[in-house]
Amino acid sequence: MMALGSREAEILRRDGKQEHKLLTPEQRLKLIDPYLPAPKAKIAQVEPRSRFGVRRLLRTGLHVLLYTIIHTIFSLYIKLRIAYHAVLDRIYSVVYYHHHTPELIERDVKGLSRLPKHLSVILSLEDNGRGGAELERLVSEAAEIAAWCASAGIPRLSIYEKTGILKGYHAETHRAVVRKLAAYFGPNYPALSVNAPHTPSIETPGGTLPLSRSSSSSSLSSSVETTQRHLSITLLAAEDGRDSIVDLTKTLAEMAQRGKISPSDISIDLVDAELNESVMSEPDLLILFSPSVELQGYPPWQIRLTEIFHVPDNQEVGYQVFYRALASFAKAQMRFGR
Amino acid sequence: MSDLYLSHLPQWLMRSPPAEWAIKQLRELVIGALSQGPVPQHIAFEMDGNRRYARSHKIETIEGHNLGFEALARVLEICYKCGVKVVTVYAFSIENYNRPKYEVDGLMQLAKVKLEQLMLHGEVLDRYGASVRVLGQRDLIRPDVLEVVDQIVDSTKHNTDCIFNICFPYTSREEITTAIRTTVEEYSTAAPPHSTPFSETRITKKLLSQRHERVEEPTDTRETSPCPSSPRSEDVEDSIASSTTLHPGAESPTTRAGSDMNRTVYKNAESITAETIDGNMYTAGCPPLDLFIRTSGVVRLSDFMLWQCHQDTSIVFLKCFWPEFDLWHFIPVLLEWQWQQKRKQRDEKPRRRMKQL
């Protein structure tokens, strides 16, 4: 109970074990009374006395002083922690690097016991996206992550960006991803579809150029067909979060007004089916590249059981974050050196 | 033997009255100091790890829940003394009904006993000025527990300083669905008829007779549709069918009379906003969620406060089990939150200045 002394806690615990029949309510209250704030009536009574006022002033002064000291120490600690994490992340990114080679990424994830079927990431725009450089960075980050997913064999990727600028440059994003996939995989790049809620998806069939003509062509082409990877990307923005639920409510309200449904027909399953259909299904893993966990308006319905991964104090979109997220999803022990 | 005593010595020392007094003073001092900075107005706790704590300490599951309850009392004390206005805890998930029956019964019994206790000590809550609210699907609560729940909610209603939300049996998806359903109900029940000296039927009749006098001309009934900006064609058709009262001749007089009677004025569904739905959440009226804390190292939200925490809430996942949670775990979280808050303010200032220029 509360921050009681051990003796009081012991008595209360014993009392609790006997269904609170050991002590009377008065006895219990007496026991915890010193730990409670003073009753209001008492405060009002004591307030006018000047001695109390002075004492309170002193105490407030002490609190402010202590607050300043604590925060000074804490910001020092934070700086040290950021530096430590930066070094650690640097080591990770040296040990785990993809070298733009799908085979290396494949080898990295081979030891993991499970992979997410649907991966989601949150990317963010700095400075409200003024200047094209920010957009370019965002698109190239998206393409890079897409290539990692394709290499690791994750079939679904959703990319959330709050302002919707990525959604706005749907075709450009698609083109950048195709180019990146070609750079990673060469002529045998995976099929790709990029879509966003309420917009048609842009599809690209994968490149199926046989790598070598010397081996018997029929068996090779069939094996290429079967191992043909496919990556589908969904681009999301803040409007696919709360607003999609609001839109659904509007539609349901209109239907109810016309007597097409009754409010009691609205069930979790109905809402779930509609939101899955119009936005996306629940992702298995969400990777944040921000220093702390803040969802920035990410679709709320869909993150019910999603594992959320972030690297504390990390600022950048890096392969090491991606890999560490997959490893933590698979509950794998991270060790330096393979 | 001496070894045993030796290992108990620090514990014994810590439990000695002067040490306890000093620790109590220190706690008060630290809480007082922390409350000098910005303090989150609304904190949610997902109290995870009671069972695992029990297992790792080889005690009974229900005993783990008991210790978890003690931790809760501790945390509430800290929060309210710091100046937090609303504390929301996840006490029982609807999913928990799938657990073994003896555990569900045990949890229910625990909740009942503790709530009864809390009620006997109404004064304790009064001193904090805390009112208790129970959020969740009430019809799933056992009747005898529900009675206690209602009593305690009733007896603390008058307190306005802070709120203690107990989510019991709760899931966030159920909450969102209920909010949607309530909103739809609101918008699909007719607004009360105005009292007006003019009779709508008379006006309609008058209009119709005027129209009959004139040569029949095709009237565009779409203008009378209550939602002119309906994007889908099927919607437009539907709204004509249900909302028009001026069908010239097309309908038989009886149906026209019927639709006249049922002609109901609905609020425009297009006026539904996120705030409308927010107002129908269980947490309506609470300040926005500032901090979400989950213990025991699980990095999911697990159907808790999805609607409330997906915007700019700081979400913190802690490794410790809930029964271990104490001020010393809470301080770093609060400090970091305060630090983030200060940084956000600093970042916003120059931006605002830029805008002014």
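Keep in mind that this is a model prediction, so the values were computed, not measured.
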Region of [X] that comes under 4.5 Å of a non-hydrogen atom in chain A:
X	value
B/Thr273	backbone
B/Phe317	side chain
B/Ile277	side chain

Which label fits [X] and [Y]: parallel for a plane angle under 30°, tilted from 30 to 60°, or perpendicular past 60°?
X	Y	value
A/Phe74	A/His71	perpendicular
B/Tyr128	B/Tyr80	tilted
B/Phe325	B/Phe330	perpendicular

Exercise. When only pairs under 4.5 Å are counted, which of A/Asp265, A/Ile245, A/Asp247 shares the most heavy-atom pairs with chain B?
Worked result: A/Ile245
Exercise. Which one, A/Ile78, A/Leu65, A/Ile70, leads in non-hydrogen pairs under 4.5 Å with chain B?
Worked result: A/Ile78
Whether the [X] and [Y] side chains hold a donor-acceptor pair (N or O, under 3.5 Å, no angle test) is what I'd like checked.
X	Y	result
A/Trp301	A/Asn276	no
B/Thr313	B/Gln308	no
B/Glu174	B/Thr178	yes
B/Tyr187	B/Thr276	no
B/Ser302	B/Arg294	yes

Which atoms of [X] approach chain B - backbone, side chain, both or neither, heavy atom under 4.5 Å:
X	value
A/Val64	both
A/Leu270	neither
A/Thr249	both
A/Ser262	neither
A/Asp272	side chain
A/Ile261	neither

Seminar exercise, completed: Note: vs chain A, highest number of non-hydrogen pairs under 4.5 angstrom among B/Glu336, B/Lys342, B/Met305 is B/Glu336
For this session: Would you mind telling me which of B/Glu185, B/Arg300, B/Arg173 has the largest number of heavy-atom pairs within less than 4.5 Å of chain A?
Result: B/Arg173
Exercise. Got a salt bridge between A/Lys250 and A/Asp243, using NZ or NE/NH1/NH2 to carboxylate O under 4.0 Å?
Worked result: no
